[in-house]
Structure formats: C-alpha cells, structure tokens
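Structure record follows, encoded as structure tokens.
Note that the structure is predicted; figures quoted are calculated from it, not measured. Naming convention: chains lettered A, B, ... in sequence-line order (proteins, then strands); numbering from 1 in each chain.
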Amino acid sequence: MTPAPRPLSVETTLRVVVDRDRCCGAGNCVLTAPEVFDQDDADGLVLLRDPAPRDALRERVQRAVDLCPTDAIRFD
Amino acid sequence: MTQSTETTLPLWPPVNSARGPFTPLDDAERQRYFGPVTRVLLPTGITAWLVSRHTEVRQLLRHPAFSSDLTRPGFPLLRPLPPEATRDLRGAFLQMDGAAHTRLRRMLTAEFMIKNVRRIEPLIHRTIDEALTDLAAAGPPADLVSTVALPVPSKVICHLLGVPYADHDFFQSRSRRLLDRRVPPEQLQQAAQELRAYLRSLIDTKRARPDDGEDLLSRLIRERVEPGELVVDELVGMALLLLIAGHETTANMLGLSVLLLTRHPGRYALLRDRPDLAPGMVDELLRYLSIVRTGLFRVATEDVEIGGRSIRAGEGVIALIALANRDAEVFDDPDGFDPYREAHQHLAFGFGVHQCIGQPLARAELRIAMVELARRFPGLRVTAEPQELTTRDHSIVFGLDRLPVTW
C-alpha cells in the first residue's frame, strides 16, 4: 500500500549508524546507496555521507543493511 | 572424528560431469545434500556439516565462532595438509581469523574500493579491447578462454600488482595446480613454493628500486614493509592470494557467462542493446553460475546452533554458496536465469569478514567484457554443446578449460 503523501517540510528522515571496527570494506553499501555511504580514501572502510537520509532512501538503505557481510550498518 | 560407521555418509564433493555446467547439483544430489544441516564425509576421511540454505549460510559465514584456520584440528580439509615443516601460510589472510586477518586485509581494502576500481576502468577497457582484437585475429573459429576469458583478468591483476604478464604461463599453470583437488600434497606444496619464490624475488627486485613503481606491491613495500609494519614473507603470501584470486575466478566466470548467454541470442543481444542492464545481469550471472561450488570451509571454535542443529567446537562446516544461491525461499524460480532479476542477495562473493575484497574489480571486468564482446561480436556463438565441454569438476573454482566459438 502506498503511504499517504506527507508535506515536504516535515518529511521524515532515517537514522543510520555504521561501525567501522566491524567493516570489512567490501563496498556493498556504496554500490547500493552511494548517497548515504562512501569508503574512506585512507583505509577503504565505510564512511557515512549522510547519517540522516531522507525517507525515500529507506528501501536502499535497508538493502545495504541486509547486504553488509559484517553487520556493520544499522538503523538507529 | 572418523569412524567406520560413518563411511555410509554421503561423500562431498560429488564429482558428476554429466550434470552439465549450469547445474551445481542434480536433483538426486540435492535430495542428498540440501537442507539446513547435513552430515558428509570428505576425501580426507574427515566428516563435516554441510549448510546449504541462504539464511543458514549467511548466519554461519558471519558467526564469530567459526574459524578459517585450516591448521585447526577438525578443519574440513578436502586434501591433506602438507607437513608443518614445509608449509608456509605467512600472509595467507584468507585462512586467518580475528585481528591477524583484519590487520592484513585492511592493508588492501582501500586498493580495491569502488572508487579506485572506477579509476582503473580505462585500463580494464583497454585490456578488453586488446583481447577482443586478439580474438578477431585468431579466428573464426577461436578459443574464447585462451584469447579473452583468461588473459583479461590476468593482465589486469598483473598490472595492478606489478607482476610481469610475460610470466603468465609460469604462474597460471601453478595456480591451476593449487586449485586442483586431485593434485597430491607434495606437488601442491611444490607449486606453492615455486610461486612464493617467484613473488619473493619480484618483491626483492622492487625493494632494490624503491621509487620506481606505482603498483600495489611497490606501494605496500614503501608504506608497510620498509616502515616495519609488514614482513616481506607476509607480503609474498598476500601477493600470492591476490594473483590467484584475481584471475582464476573472473576467468572462469567469463567463460561460463559467454556459454550461458549465447545459448539464448536474445539475452546476448540485450547486453549490446541495454548495457544499462549489464550490472544487474552480472549479479545474476554470479548467482546462477556460483563458481566456488565445493563451498566455503570453516571449523567451529565453540558449540553453536545452526539450522536447529548443534554444531560442536572442533567440528567442520561447509557453507554451500552454490545451493544457497538457488534457494527458493530467496529467489523466485531459482534454477532459471533471469537477466532482469535483482539478484543482489546472492552469496557468490561469500559473506562475513572474508567476503571477496576484489568484488568491485570482478564486477567491472565482467560487465565491461560482456558488453564489449556483445558489441564487437554480435553474432558470437559457441560451436560445442554444453555437455561436450570439459568442465573443471576437480577444481576449487569451477569453469571451462576451453570454449570454442565462431562468429
């Protein structure tokens, strides 16, 4: 079911946290949601470009959570 | 753990070339092996648990209580280990756990990250263009494996590492031996030693000319070895792993992918007409072909429950990614190849801390090679039936020895 449209001004955002100690740098998250995740030039480990992505990215961030091989990404 | 009563257990891996290149296990074999947890007997006489469903394979490969250290008692070895005095596992981080593994892997993660692979795409393109020119010059007909599938990833990894491609006969023959389960331990050991000696001497040469190279090995020498963070023999082991993993896997994927896609001309043409679909098709190819068919091997370091079964510390487990990638709970019509499928949940690169570090490179090589091949050779077809081709049934990495094509 399509959710009811919300006014732009109160668009909900997601809260995403990453754990660089767990990250193995495989890059699935960057491939899946490049607006939200990046890899550090120095060590290739995950960097959060946007810790509060807009709700429209929910599906892809969820996919990045599912695909992460080391469980290094979660919704807060 | 071997007992005479266990000789009735099903043997793993089953060799059965009659099933053809696209069927990891036939129906009868699946009856025997597919399930949350199944007990099997390995050629070494060791027993192990086979785990083949998507959920349990993910759980197992991400679980900290499973070790990749093949020297641990109970490890599910397919071949006997060489004697301790002659084996050298320094730098072999695929066989390490915890902090020792993390330390070495993290020296490489930035090298293979997506944006760096994007930077070298022109090199990949050039290498593929050259190989396709070689293919055109060689035929028709020609062998696609020796002209394109093997040289492309081999040249790219050589370029990245700073290994002279001119030596490819030497390292390709030995790396093929290392992956062949029929090779006796002493020959295996010899192949490993020859490759190590070769890489060691290459690294020594690079160390003598420290400012010369912008390749990965030169960089690791400057940034890790010289400051004392990394021992040369560890670098040798890392280079060995990257060299083998860097070409055998993609080479076998390429050969099988061409065989699969050209069987249905519409699918092959799709690569040319809809290159935007190519990244998704690559993931579906990875899922469907799952070339690491003997599975990924671990040993439990504590008692763990997987798939409702208690696995005891010291027992071996095998994660069957090829069957997990055909799990109907996750993939609709799992035995069908669907170029439009979103196959991103596949486990062809493994899962957990050891998941393939080179996957952005593999994806780029496969995508560019397949699209360019379809563009330059729109009429390409294989001149043998899949059943007539020699498959690598005894290799750790499944694939084709040759692929005769015409156009």
Measure the [atom1]-[atom2] distance between [X] and [Y] for me, rounded to the nearest 0.5 Å.
{"X": "A:D41", "Y": "B:N116", "atom1": "CG", "atom2": "CG", "answer": "7.5 Å"}
{"X": "A:R20", "Y": "B:R106", "atom1": "CZ", "atom2": "CZ", "answer": "8.0 Å"}
{"X": "B:T109", "Y": "A:D43", "atom1": "OG1", "atom2": "CG", "answer": "6.0 Å"}
{"X": "B:Q355", "Y": "A:T70", "atom1": "CD", "atom2": "OG1", "answer": "8.5 Å"}
{"X": "B:H346", "Y": "A:L67", "atom1": "NE2", "atom2": "CG", "answer": "8.5 Å"}

Subject >> Interchain contact, B:E223 with chain A, by part (heavy-atom threshold 4.5 Å) >> reply: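 No part of it gets close to chain A.
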Decide if atom [atom1] of [X] counts as having more than 12 heavy atoms of other residues, nucleotides or ligands within a radius under 6.0 Å.
{"X": "B:D276", "atom1": "CG", "result": "yes"}
{"X": "B:E226", "atom1": "CD", "result": "yes"}
{"X": "B:H159", "atom1": "NE2", "result": "no"}

So which residue, [options], ends up with the most heavy-atom pairs under 4.5 Å with chain B?
{"options": "A:D40, A:L45, A:T32, A:D38", "result": "A:L45"}
{"options": "A:A42, A:G27, A:C24", "result": "A:C24"}
{"options": "A:P34, A:P69, A:G25", "result": "A:P69"}

Original post:
Is a side-chain N or O of A:Q39 found less than 3.5 angstrom from the main chain of B:I114, in a donor-acceptor match?
Top reply: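 Indeed, once roles are kept as given, a pair shorter than 3.5 Å links the two residues.
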Original post:
Can you name the closest pair of heavy atoms from B:C356 and A:A26 and give their distance?
Top reply: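 The answer is O-CB, 4.4 Å.
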**OP:** Please tell me if the side chains of A:L31 and B:Q359 come closer than 4.5 Å, counting only heavy atoms from C-beta onward.
**Re:**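 The answer is no, as the side chains (C-beta and beyond) never meet within the 4.5 Å cut-off.
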